[in-house]
Amino acid sequence: MLFSVKNVSKAFKENQVLKKVDLEVNKGDVVVILGPSGSGKTTLLRCIDFLEKADGGELDFDGIHTDLSHASGKTIEKVRKKSAFVFQNYNLFANKTALQNVTEGLTVGRKVPKAEAIEIAKKALDKVGLSDKYDSYPVQLSGGQQQRVGIARAIAVNPDIILFDEPTSALDPELVGEVLKIMRDLAGEGTTMIEVTHEMKFAQDVATKVVFMDGGVVVEEGTPKEIFTTPKEERTREFLMRILPDFNYSI
Amino acid sequence: MKLNTEFMRETFIASLGGVPKTMLITILTLLVSIPIAFAMALSKLENKKVSSKFVTAYVSFIRGTPIVLQILFIYSLLPSTLNHLIKDVFGLSVNVFKMNKIVYAIIVFSLNNIAVLTELFRSALGTVGHGQMEAAMTVGLTKRQAYRRIIIPQALVAALPNLCNTVIGLIKNTSLAFLMAVQEITAISKMKAAAGYYYIEAYLMIALIYIIVCTVVQLLFALIEHQLSAYKKRLAV
Amino acid sequence: MHPFHPSYVFTVLVQLFPYIGVTLLMMLGTVIFGGAIGILLAKAKIKRRIVPRAIAEVYTYLTRCVPSIIMLFIVYYGVPALLLQFGININNFSKGVFVITAFSILFASNLGEVFRAAYLAVDPGQREAAVCSGLSEFQAFYRIILPQAAVHALPNFSNMLVNLMKEGALAYSIGLIDVMGEGNLLIGRNQGSYTLETYLGMAIIYWALTFVIELIFGRLEKNLSKGKKHATSVA
């Protein structure tokens with residue numbers, strides 16, 4: 001087991017968004033978290049990378065063990081150096097070129113020498129199909145291209161795990177495909193991924209584990225086959241019926 | 001640290017006597033400058049060739065030079081110029097120099113304030129979408145009615161915070177009227193301070209008065225804003 | 001009425017030109033010290049911890065209500081008298097010190113607002129992406145947020161600088177010999193015969209300085225927004 005969080009709780013004012021959630025991830029897993037909005041799935045992801053401070057819970061990550069609500073700065077930095085985050089709104093550094101966006105985490109975050117960082121960054125950008133955009137600024141790129149840079153930025157640092165927060169939700173439909181393709185490739189290479197998404201097909205085809213969340217708890221989890229064809233819980237069934245128009249027909 | 005509190009109390013009360021003058025200058029300045037600034041703002045928005053260029057130059061000049069310079073300029077040159085105009089050009093036997101200095105203060109501050117207000121009105125009117133005017137016209141209102149009933153009320157709400165700042169700025173500027181021998185707040189306390197050498201006490205009291213006046217003005221504006229933006233709040237369900 | 005000699009305006013400009021340095025120096029000093037206080041104020045207001053924030057809000061409020069000339073008098077006439085009670089005599093300090101102190105106190109709140117607005121204008125997602133990439137909070141601030149905030153600050157900063165220059169002209173009243181101070185001395189020396197020309201010359205200098213400031217900052221803003229220009233095609 002590479003990574004696990006236990007008993008994660010988080011409330012925003014009076015709204016209890018996460019109620020003692022557990023999640024376990026093994027090396028090479030592609031975990032997809034599904035659920036209606038407000039189910040807490042994005043919050044869970046953000047708590048894992050300390051973008052939100054959980055009220056309670058523990059994190060176990062490749063030798064690092066910490067309390068999510070009382071983590072020290074050093075521990076947080078350690079966790080972030082072993083992981084990478086891909087944002088719904090890309091969050092590319094507006095004042096840096098695509099290449100610089102990718103090298104930033106290497107040179108500044110991990111003290112990699114500049115020449116080596118540039119090599120790695122170029123390879124990452126090539127991998128996501130942006131070899132001709134090294135020196136472009138985010139504002140000169142389409143949404144799909146920006147997200148691909150975001151992914152390049154994530155893979156360049158060679159993380160143990162990549163967290164994806166609805167990576168395609170902000171994209172125009174015709175740009176979603178290019179990003180999903182890269183994610184499929186990554187999954188195929190054995191990258192450990194946790195993804196919050198609405199892309200059902202991706203979940204069905206690529207995930208090794210599907211987690212369904214609703215109302216701040218994990219309702220059900222299992223392999224894609226289990227969840228999509230024989231869901232055990234009523235809530236899961238309701239959700240799938242709403243989202244997948246042809247649910248009743250898939251075997 | 002010894003502060004002469006008796007003197008402070010005296011100065012405070014004496015300086016309060018300057019408040020009416022300060023407010024008089026402020027209000028009269030506003031009354032004079034608002035309509036003129038409004039007209040200037042309109043001429044810029046409607047792109048009237050000649051006047052809009054004049055407005056730009058005027059605003060640029062006034063806002064690019066210190067107000068104290070404007071005060072000294074007007075105060076040292078206007079009286080004699082007026083005198084020359086009235087006596088030699090119009091042949092009247094009015095003694096300009098006996099005129100209440102407060103008039104010069106109002107003239108200078110108006111000239112200055114007009115420039116500030118022109119920019120303020122221009123941006124406030126700009127925030128009201130073109131669609132409002134278009135709708136007003138199609139419904140049959142004249143331009144004048146449209147401005148009066150639709151555009152200005154909305155622009156006013158947008159302008160209020162900046163207007164409040166401008167009025168406070170104007171009140172602070174009036175502290176320089178003492179340069180024109182007007183007996184407002186600063187002049188009075190300056191005299192008292194020099195008389196008794198109790199500088200820090202006197203000036204702290206002046207500061208206090210300005211703070212009080214400022215606060216009152218801000219409360220007033222908050223009230224007005226609350227009243228006027230009622231139409232906006234009903235939309236938020 | 002006095003005759004008007006336009007050519008004398010040039011004489012005035014030449015004589016006042018060296019004193020522009022004093023004006024600019026005063027502005028620089030104020031920006032440095034006022035800016036230092038302003039950073040503290042901005043930080044206090046952004047971080048939301050009650051006590052520092054309350055102090056910052058009160059400071060901003062008070063300094064915005066007090067006219068510049070009053071603050072100048074308090075610092076120049078009042079503070080030395082006060083310190084004399086403790087046996088400290090600062091009456092021999094150069095006038096510039098008083099001027100910079102007074103205006104630093106006043107403009108700290110303006111600067112604080114400029115900094116605060118600029119910081120808040122940067123998308124919080126930028127910081128998030130930076131720390132998730134492995135940068136420390138410190139690195140994230142200096143490499144990602146600050147450069148972007150600086151661009152947002154430019155127009156407001158340039159406005160504030162022009163205001164500072166204009167308010168700073170009041171310094172002549174305590175004897176500082178800047179453009180304003182020398183100009184008034186000039187008028188005195190000429191015994192009133194070239195008043196109009198001298199005032200015009202002074203006005204031209206200030207107007208020109210305003211123009212230059214706006215030009216410089218306009219250029220700066222253009223050059224630094226390369227990450228923001230809406231370029232060719234967003235396919």
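Numbered from 1 within each chain, the chains take letters A, B, ... in sequence-line order.
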For C:Val151 and C:Pro155, the nearest pair of non-hydrogen atoms, with its separation, is O-CD, 3.7 Å
Quick one: what part of B:Ser76 sits under 4.5 Å from any heavy atom of chain C, side chain, backbone, both or neither? side chain
How many angstroms lie between atom CG of B:Leu120 and atom OG1 of B:Thr166, to the nearest 0.5 angstrom? 4.5 Å
Sort B:Leu77 into side chain, backbone, both or neither according to what part of it lies under 4.5 angstrom from a heavy atom of chain C. side chain
Bottom line for C:Ile69: the part with an atom under 4.5 Å from chain B's heavy atoms is side chain
Of the backbone (N, CA, C, O) and the side chain (C-beta and beyond), which part of B:Thr174 lies under 4.5 Å from a heavy atom of chain C, both, or neither? neither
C:Glu167 vs B:Lys172, salt bridge (charged side-chain N to carboxylate O under 4.0 Å, His left out): CA-CA, chis, key distance, verdict: CA-CA 11 Å; C:Glu167 295 291 309; B:Lys172 292 201 291 181; over 6 Å; no
Any idea which of C:Leu196, C:Leu62, C:Val75 has the most non-hydrogen atom pairs under 4.5 angstrom with chain B? C:Leu196
Could you give the distance from CD1 (B:Ile168) to OH (B:Tyr210), rounded to the nearest 0.5 Å? 13.0 Å
Point-to-point distance, once rounded to the nearest 0.5 Å, from OG of C:Ser109 to CZ of C:Arg116: 12.0 Å
Would a distance-only check, ignoring hydrogens and angles, find a side-chain to backbone donor-acceptor pair under 3.5 Å from C:Tyr59 to C:Ala54? no
Heavy-atom distances under 4.5 Å only: say whether B:Ile171 touches chain C with side chain, backbone, both or neither. neither
For B:Ser110 and B:Ser33 the tightest heavy-atom approach is O-CB, 4.0 Å
So what's closer than 4.5 Å to chain B heavy atoms on C:Met180: side chain, backbone, both or neither? side chain
Among C:Pro67, C:Ala208, C:Gly168, which residue forms the greatest number of heavy-atom pairs with chain B at distances under 4.5 Å? C:Pro67
Quick check: closest heavy atoms across B:Leu125 and B:Ala155, and the distance to 0.1 Å? CD2-CB, 3.8 Å
Chain B contacts, top residue of C:Ser68, C:Pro80, C:Ala203 (heavy-atom pairs, under 4.5 Å): C:Ala203
Hey, could you give me the CG/CD1 distance between B:Leu163 and B:Ile224, rounded to the nearest 0.5 Å? 8.5 Å
Using a cut-off of under 4.5 Å for heavy-atom pairs, which of B:Leu176, B:Ile212, B:Asn173, B:Ile209 has the most such pairs with chain C? B:Leu176
In terms of ring plane angle, is the pair C:Tyr194 and C:Tyr8 parallel, tilted or perpendicular, where the classes change at 30° and 60°? parallel
What part of B:Leu72 lies closer than 4.5 angstrom to a heavy atom of chain C: side chain, backbone, both or neither? both
Short side-chain to backbone donor-acceptor contact, B:Asn47 and B:Ser43, under 3.5 Å: no
For chain B, which residues from residues 169-177 of chain C have at least one heavy atom closer than 4.5 Å to it? C:Ala169, C:Leu170, C:Tyr172
Please determine, among C:Ile187, C:Val66, C:Ile204, C:Asn184, the option with the most heavy-atom pairs under 4.5 Å with chain B. C:Val66
Tell me, side chain or backbone of C:Asn163 under 4.5 Å from chain B's heavy atoms, or both, or neither? neither
Could you grab the distance from atom CG of C:Leu106 to atom CD1 of C:Ile70, nearest 0.5 Å is fine? 10.5 Å
Side chain, backbone, both or neither of B:Gln70 within contact of chain C (heavy atoms, under 4.5 Å): neither
How would you list, by chain and number, every residue that makes a ring-ring contact (aromatic ring centres under 6.0 Å, His included) with B:Phe38, sequence neighbours excluded? B:Phe121
Suppose a student defines contact as a heavy atom less than 4.5 Å from any heavy atom of chain B. Which residues in residues 12-31 of chain C would they list? none
Donor-acceptor pair between B:Lys44 and B:Thr118 side chains, under 3.5 angstrom: no
Is it the side chain or the backbone of C:Val162 that comes within 4.5 Å of chain B heavy atoms, both, or neither? side chain
Most chain B-contacting option - heavy-atom pairs closer than 4.5 Å, from C:Phe211, C:Tyr77, C:Phe73: C:Phe73
With a 4.5 angstrom heavy-atom cut-off, could you sort out which part of B:Ile211 is near chain C: side chain, backbone, both or neither? both
Any pair counted as salt bridge (charged side-chain N to carboxylate O under 4.0 Å, His left out), so long as it reaches residues 57-77 of chain C, sequence neighbours left out: C:Arg53-C:Glu57
Should C:Lys166 and C:Thr210 be marked as a side-chain hydrogen bond (donor to acceptor under 3.5 Å, both in side chains) after you check the CA-CA gap, both sets of side-chain angles, and the distance that decides it? CA-CA 9 Å; C:Lys166 295 192 295 179; C:Thr210 302; over 6 Å; no
Closest heavy-atom contact between C:Phe33 and C:Ser104? CB-OG, 3.5 Å
I'd like to know whether C:Phe103 forms a side-chain contact (heavy atoms from CB on, under 4.5 Å) with C:Leu72, so could you lay out the CA-CA distance, the side-chain angles of the two residues, the decisive distance to 0.1 Å, and finally the verdict. CA-CA 8 Å; C:Phe103 285 108; C:Leu72 205 53; 4.0 Å; yes
